Amino acid sequence: MNERKPGLLETILVHTVLVAAVAYALYPVLWVVTLALSKTGGTEARVLPLPRGAEDLTLDNFRLVTGVGDPEKGWLFARQLVNSLVVSCATALTAVAIATPAAYALARFDFVGKRTGLRGMLLTQMFPGVASAVPLYLILDALHLLDTRSGLVLVYAATAVPFAIFQLRGAFLAIPVDLEEAAMVDGATRVQAFLKVALPAARPAIAVTALFAFMSAWNEFILAATLLGRESAFTLPVVLQSYVGEYSTQWGAFAAGAVLVSVPVMALFYVAQRQLLSGLTAGGVKG
Amino acid sequence: MSEAPHRHAGSSALRAAETPVPEPAERKLRCAARGIEKSFGATKILRGVDLEIPEGTFAVLVGPSGCGKSTLLRLVAGLEQADKGTITLAGRDVTNLPPRDRDVAMVFQSYALYPHLTVRENLAFGLKLRGTPAAEIESRIREASAMLGLEKLMDRLPKQLSGGQRQRVAMGRAIVRRPTIFLFDEPLSNLDAALRAEVRVEIRRLHDRLGATTLYVTHDQVEAMTLADSLWVLNGGLVEQKGPPLEIYERPRTKFVATFLGSPQMNLVAGKLSKEGGAFWAEGGGVRTRVDEERFGDALVEGREVTIGVRPHDLCLAKGDAPIVAELKVEIVEALGSEAFAHGWIRSSGPTFVARLDAADARSVRPGSAIPLAAAPSAIHLFDAKTDRALGD
Ligand SMILES: Nc1ncnc2c1ncn2[C@@H]1O[C@H](COP(=O)(O)OP(=O)(O)OP(=O)(O)O)[C@@H](O)[C@H]1O
Ligand SMILES: [Mg+2]
């Protein structure tokens with residue numbers, strides 16, 4: 001690309017567009033944060049969702065959601081948070097653990113049923129998860145896994161694996177075969193070539209895939225709401241939903257919950273920034 | 001290197017006693033391929049290739065794109081399996097061994113440096129896998145990096161290196177291994193012209209210094225001519241000619257080899273042999289020349305249909321009473337300073353014809369003019385019109 005100094009008009013124009021885009025993206029977020037922190041918890045329409053003053057700010061909503069100082073609720077929120085974390089992490093790990101070797105095989109070897117398998121997996125991606133909610137409920141019931149984290153992980157991993165395989169297969173295809181061949185001439189076995197060369201080279205893509213799987217599990221609501229009945233088994237999206245009542249909605253609590261749910265994902269993104277960037281552009285530039 | 005120089009020491013009496021001692025000539029071979037055949041799907045790429053590389057030889061495999069050079073190299077490395085034939089390395093049958101058990105080192109066209117490892121780790125990779133002691137690894141890396149001038153780059157990642165530096169690291173990775181044979185697959189094709197010429201010399205220097213045995217694949221005929229001790233021209237899945245490069249250049253055995261080596265290409269015209277006053281002449285397409293009877297001998301038969309070949313460098317402006325071989329209608333003159341090439345045609349329907357001219361002679365030649373050309377009869381090549389094989393071979 002040729003570097004060139006943009007003119008003043010162009011700079012202003014570009015920045016106007018950028019500012020508008022950022023405002024568009026952040027406006028709802030600002031709303032939620034303000035709601036979570038405000039006393040009234042009302043939803044009166046305000047153009048600028050900014051608190052009126054310091055006296056208007058409170059952490060009551062967060063106390064309500066987390067149940068801090070509420071002996072009745074006790075450690076319920078903590079348990080639900082742990083549920084979400086455990087389920088999402090386990091989903092990400094399972095998906096990556098299964099998808100990585102599968103994707104490698106699909107990228108590097110020819111075997112009977114390869115094309116059919118790939119097509120089949122693509123097919124599963126076309127149906128929304130909800131479509132299978134009822135059968136999944138029946139299966140988990142039969143397996144006595146309703147209301148359990150393992151049951152949910154099983155369901156989430158099943159949907160996450162095909163997508164992860166597609167993503168990782170692309171990543172492995174982008175790694176030149178030469179690298180592994182060089183390793184084998186250098187003295188590596190086929191397995192060592194995978195473990196010592198292909199796998200490290202695919203690390204950014206694997207991180208991105210794990211993150212996606214984590215997020216999809218973290219945010220998933222419909223299946224969780226279907227498969228979980230006990231409050232202590234809830235994941236956070238289900239908890240959040242419980243603040244939206246049929247007749248009245250506790251918007252303040254809902255917003256506070258939404259903020260709390262977003263924090264871990266934001267933290268993850270922050271930590272994984274570098275890997276993410278190189279993972280999303282993997283294959284674009286040769287090493 | 002590792003081989004002790006015992007070759008000439010054994011007495012003949014002793015040798016006769018031990019029956020299964022291989023032929024001396026055979027024993028000296030570092031790499032031998034016999035009757036190699038290889039197909040990809042229905043396409044036959046190699047149709048029975050034989051290859052012999054004696055110890056210490058720089059062998060170059062050359063041929064047009066897609067003729068199977070890389071495939072043959074990969075067969076030697078063990079990255080492909082031959083359909084038929086055997087491969088021996090240092091007297092050991094490796095035909096069915098995986099790459100890691102063949103003790104070869106390969107420099108890839110793409111360099112194939114491990115992107116997540118530093119230069120030092122790249123060099124150490126193969127040695128570590130083979131369980132070489134750390135101190136030995138250290139000393140070999142030091143030696144190789146000094147040889148290639150890599151000392152300052154040891155802690156960089158491949159992506160922090162220039163193309164030329166990556167190429168050096170790739171060579172270093174091969175050198176530290178001290179393999180039976182070095183395999184190169186077009187290692188210079190990603191470098192710019194100036195660097196290519198420089199590294200070419202460097203590779204030959206390293207080969208001599210290490211006393212290495214090398215198999216080098218290229219489709220660049222300059223690399224082929226300058227690097228090779230022994231040149232193997234591959235075409236249509238077969239070795240079309242092998243030998244010292246100059247010998248092949250001077251006595252190409254087929255029309256293909258004749259045109260493949262040499263730049264600009266050898267001029268070819270269809271013609272016929274005739275006999276006048278006890279001497280043989282080749283004539284056709286506007287060319288008329290005496291031929292070297294000693295060279296072609298019995299192959300010279302009156303009326304035989306031939307292809308007449310003459311290299312641009314063997315032509316010159318006819319002066320004085322030198323016999324005129326052809327008259328060139330000049331289209332373009334390429335002046336290179338020390339010499340010039342006149343491109344044009346002899347018959348308007350014929351193929352393009354090129355002649356090398358001295359810079360001084362070229363100055364007076366204008367496009368559109370016709371110039372008389374001369375050539376020594378010894379510079380005239382003749383090929384059978386049907387088989388394309390050289391006469392007299
Ligand atoms: N794995 C493969 N599967 C199918 N066909 C292949 C494979 N590898 C090579 N070929 C074919 O075999 C032929 C020879 O390939 P090869 O790479 O050996 O050519 P080459 O002489 O090295 O050419 P170049 O000078 O372009 O590198 C080509 O026609 C190529 O398309
Ligand atoms: Mg090739």
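Note that this is a predicted model, so its numbers are computed, not measured. Letters go in sequence order (proteins before strands), and every chain restarts at 1.
- Cation-pi geometry between B/Arg173 and B/Tyr114 is satisfied (NZ or CZ under 6.0 Å from the ring centre, within 45° of the ring normal).
- Contact tally against chain A (heavy-atom pairs below 4.5 Å) for B/Gly78, B/Ala105, B/Gly126, B/Pro98: the top residue is B/Gly126.
- Within the 4.5 angstrom heavy-atom criterion, only side-chain atoms of A/Gln192, from C-beta onward, approach chain B.
- Residue A/Phe127 qualifies as open at atom CZ: its count of foreign heavy atoms under 6.0 Å is 12 or below.
- For a residue to count as touching a neighbouring chain, one of its non-hydrogen atoms must lie under 4.5 Å from one of that chain's; by this rule B/Arg130 touches chain A with the side chain only.
- Across all their heavy atoms, B/Ile45 and B/Phe40 have their closest contact at CG1-CD1, 3.5 Å.
- Within the 3.5 Å criterion, the main-chain N or O of A/Val261 finds a donor-acceptor partner in the side chain of A/Trp218.
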